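Quick caveat, the model's predicted, so the values are computed rather than measured. Side chains included, hydrogens not; waters and symmetry mates left out as well; all remaining heavy atoms used. Order of listing sets the numbers, starting from 1, for every ligand and every atom in it.
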Amino acid sequence: MSLRYDLHTHSNASDGVLSPRELLEKASQSGIHYLALTDHDSTQGLAEAESAVRALPDLELVPGVELSVTWIRRLIHIVGLGIDRHCPVLQSGLQILQKKRSMRAFGIAARLENLGIQDAFESAVHYAPRNNISRTHFARLLVERGRAGNLRKAFQRFLRPGGLAYVDCEWASLDQAVDWITQAGGVAVVAHPARYNLGSQKLRNLLGEFGECGGRAIEVIGSGYNPNIANSMARLAKEFNLLASVGSDFHDPENCHTKLGCLPGLPRGCKPVWDALALL
Ligand code: AMP
Ligand code: MN
Ligand code: MN
Ligand code: MN
């Protein structure tokens, strides 16, 4: 029997809907063997996840995080897998990112209030039980208030760059993010590389710089699986000598492109990232 991995998921410690415990229970029911919890800019969900996984004998937790990075003025996500959440260097980096998130959330809320959406900040916090406020929480609020038909439309009209309530933010640099993950004993992975619409040259520049900083892997199989994308990411992994990861980027059981753990295997010739993780 081949092992099933899902190495990119979210709980309500960031913009996911399920608590860490609910997420792990769902992963176990879905037949996943290794699940990474990779909340945005936070490891706050990992303690609950570690305790929940003890009651689930067939499932192993890979402690992770997904860091927000600004690279040539664009938002890039770097996943860290197999991190020690107690690492002081990582935690001080996360503290910086959390401050930026709070400031940005105030800015977004102020813009939304100007557009007639009352109590935007307090309402977004209501969706974020651990106070890690994401644009997704504002998107849920906009849908709830009837200002957008769905999350995608809320991003399109209000929250994407150029949107009515968009607030720019300078996140970590690429080398900071890779360094924080590496110092925490983790493996740095470029999340969903095809989603940035960088074009072939810029994507190659990103992967080249990422490798020079100590980055080790890219996601080859991700949400909204497409075999052409997977094959081209597999070729890039080979070209840049990077390991290959698999992650659904699961957020919400009611509203997801890719179900938890329902991912195809890696294309032939990929070196799997789990070979570099000290998995039990
Ligand atoms: P943030 O980290 O607060 O900037 O929010 C980014 C998150 O918003 C991503 O991790 C996705 O979960 C979500 N997101 C970004 N773009 C979209 C979109 N077009 N539709 C739905 N969700 C999105
Ligand atoms: Mn998200
Ligand atoms: Mn992401
Ligand atoms: Mn994600």
Worksheet, complete the sentence: Counting only protein N, O or S atoms and ignoring waters, those under 2.8 Å from the Mn ion (ligand 4) are His8 NE2, His10 NE2, Glu66 OE1, Asp249 OD1
Worksheet entry | Sidechain N-carboxylate O distance under 4.0 Å for Glu48, Arg130 | yes
Discussion item. Are there over 12 heavy-atom neighbours, none belonging to Gln118, within less than 6.0 Å of that residue's CD?
Written reply: no
Worksheet item: Linking I/L/V/M/F/W/Y whenever any side-chain heavy atoms sit under 4.5 Å apart, do Leu115 and Phe138 land together?
Response: yes
Item to complete: Determine whether the aromatic ring centres of Tyr34 and Trp274 lie less than 6.0 Å apart.
Response: no
Worksheet, complete the sentence: To the Mn ion (ligand 2), the closest N, O or S atom belonging to Asp15 is OD2
Fill in: Glu219 CD to His77 NE2 distance, which is reported to the nearest 0.5 Å
11.0 Å
Worksheet entry | Between Arg145 and Ser123: side-chain donor-acceptor atoms closer than 3.5 Å | yes
